[in-house]
Amino acid sequence: MSIKILESVDSSEIKEFRAEILSKRSLGNVLFEIKQIRSYLSLKKAEDLTEILDLFVSQMGYVGLDVHWKEIHQAAAEKILAFVLTKDLAYSSKIMAIEEAEKISTKMFNFFPNPCKFFTNAVFANNYSALSAWDSLTDATFDTGIIFVSATLIGMLWVKDED
């Protein structure tokens with residue numbers, strides 16, 4: 001299969017959204033990107049998804065996880081985004097109000113048409129309010145988030161924090 005990820009999608013709406021995220025989660029580093037996919041990607045074939053996920057993160061300078069990607073359902077993705085936006089991963093200190101995190105999460109989901117799949121690198125505890133284990137994409141002490149994949153778009157909202 002030949003998968004090609006095009007240039008980042010940088011509409012004014014996405015630029016404004018990126019600025020909003022960065023202004024509200026001011027601690028640590030937020031990794032936010034949305035790119036177009038041109039392929040005959042099957043969202044049902046695990047090997048296609050693994051290939052696209054690894055290509056996407058490697059184009060951003062991070063490490064692919066191969067078989068260690070964890071596919072999750074939308075409700076879990078929503079809870080994970082709320083967690084990573086509201087809490088510092090190292091110390092669990094509060095960064096933003098849950099209401100703000102939910103607004104950001106809703107906007108992120110609105111960029112991706114159904115069908116859409118969701119992936120993370122981590123196992124979570126306490127109803128997605130704490131990291132239990134993870135495979136790092138970055139060289140940071142802690143990193144996690146969500147990668148969204150539709151037939152035409154791939155994107156990530158990810159955070160990395162240091163202790």
Side-chain angles (χ1 to χ4, degrees), residues 1 3 5-6 8-9 11 13-14 17-18 20-22 24-25 28-60 62-87 89 95-96 98-138 140 142-161:
M1 157 175 265
I3 298 172
I5 297 180
L6 302 175
S8 298
V9 179
S11 67
E13 184 180 17
I14 289 175
F17 183 54
R18 179 180 288 116
E20 177 184 0
I21 295 167
L22 296 176
K24 292 185 178 169
R25 193 186 195 281
N29 290 303
V30 176
L31 312 174
F32 171 75
E33 185 69 54
I34 296 178
K35 293 188 176 196
Q36 292 179 318
I37 301 170
R38 182 177 297 168
S39 72
Y40 293 102
L41 175 68
S42 169
L43 293 181
K44 295 180 181 179
K45 291 175 63 178
E47 58 273 9
D48 286 358
L49 288 165
T50 298
E51 184 180 349
I52 193 77
L53 292 165
D54 284 349
L55 178 60
F56 176 64
V57 297
S58 69
Q59 284 185 340
M60 295 179 58
Y62 306 118
V63 177
L65 299 180
D66 194 35
V67 298
H68 299 286
W69 288 107
K70 292 160 184 57
E71 185 173 353
I72 55 173
H73 52 82
Q74 184 171 338
E78 291 169 355
K79 289 178 181 180
I80 293 167
L81 285 184
F83 165 65
V84 302
L85 291 169
T86 59
K87 302 283 185 179
L89 299 180
I95 296 174
M96 78 171 69
I98 188 68
E99 296 81 15
E100 288 296 324
E102 288 170 349
K103 287 179 189 174
I104 290 170
S105 179
T106 298
K107 287 179 185 178
M108 185 70 181
F109 280 92
N110 287 340
F111 284 114
F112 293 88
N114 284 326
C116 187
K117 295 203 174 225
F118 311 97
F119 296 87
T120 191
N121 66 330
V123 175
F124 295 84
N126 302 326
N127 196 27
Y128 302 96
S129 66
L131 279 173
S132 175
W134 63 96
D135 295 294
S136 289
L137 299 183
T138 73
F142 301 94
D143 73 81
T144 194
I146 302 297
I147 294 184
F148 297 68
V149 183
S150 71
T152 59
L153 293 174
I154 186 166
M156 76 184 318
L157 198 141
W158 207 265
V159 299
K160 57 183 190 172
D161 287 322

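Remember, predicted model here, so these are calculated numbers, not experimental data.
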Tell me whether K87 is salt-bridged to D161, with the criterion being a basic N under 4.0 Å from an acidic carboxylate O.
no
Please name the pair of heavy atoms, one in S8 and one in K35, separated by the smallest distance, quoted to 0.1 Å.
OG-CE, 3.7 Å
Under 30°, 30 to 60°, or over 60°: which ring-plane class applies to F109 and F118, parallel, tilted or perpendicular?
tilted
Does any part of the side chain of I72, heavy atoms only, come nearer than 4.5 Å to the side chain of F119, both counted from C-beta?
no
I147 vs V57, side chain to side chain contact (heavy atoms under 4.5 Å, CB included): CA-CA, chis, key distance, verdict
CA-CA 9 Å; I147 294 184; V57 297; 3.7 Å; yes
Does CD belonging to E13 count more than 12 external heavy atoms closer than 6.0 Å?
no
How long is the gap from NE2 on H73 to NZ on K79, to the nearest 0.5 Å?
7.5 Å
Do T86 and I95 come within less than 4.5 Å of each other through their side chains, counting heavy atoms only?
no
Short question: side chain of D143, backbone of W158 - any donor-acceptor pair under 3.5 Å?
no
All heavy atoms of L153 vs all of P113, minimum pair found to be CD1-CD, 4.5 Å
So do K24 and L85 actually touch side chain to side chain, heavy atoms under 4.5 Å?
no
Are the side chains of I104 and L81 in contact, using a 4.5 Å heavy-atom criterion?
no
Check each of L137, I146, L53 against M156 using the side chain to side chain contact (heavy atoms under 4.5 Å, CB included) test, and report the only one that passes.
L137
With the threshold set at 4.0 Å, does a side-chain nitrogen-carboxylate oxygen contact exist between E20 and K107?
yes
Do the non-hydrogen side-chain atoms of F148 and F111 ever get within less than 4.5 Å of each other?
no
Hey, does F56 have a side-chain heavy atom less than 4.5 Å from the side chain of V149?
no
When you look at I34 and F112, which way does the side chain to side chain contact (heavy atoms under 4.5 Å, CB included) test go after all the steps?
CA-CA 10 Å; I34 296 178; F112 293 88; 4.0 Å; yes
Can you list everything that forms a side chain to side chain donor-acceptor pair (under 3.5 Å) with T120? Sequence neighbours excluded, please.
T144
D66 and T50: CA distance, side-chain angles, deciding distance, side chain to side chain contact (heavy atoms under 4.5 Å, CB included) verdict:
CA-CA 6 Å; D66 194 35; T50 298; 3.6 Å; yes
Is there a side-chain contact between F17 and M108, using heavy atoms and a 4.5 Å cut-off?
yes
To the nearest 0.5 Å, how far apart are OG in S150 and CD1 in I37?
6.0 Å
Does some side-chain heavy atom of L49 sit less than 4.5 Å from a side-chain heavy atom of W69?
no
For the CZ atom of F83 and the CD1 atom of I98, what is their distance to the nearest 0.5 Å?
11.0 Å
Minimum heavy-atom distance A122-L131, with the two atoms named
CB-CD2, 3.5 Å
Distance-only, no hydrogens or angles: does the S105 side chain make a donor-acceptor pair with backbone N or O of A101 under 3.5 Å?
no
Relative to each other, are the rings of F142 and W134 parallel, tilted or perpendicular (30° and 60° limits)?
tilted
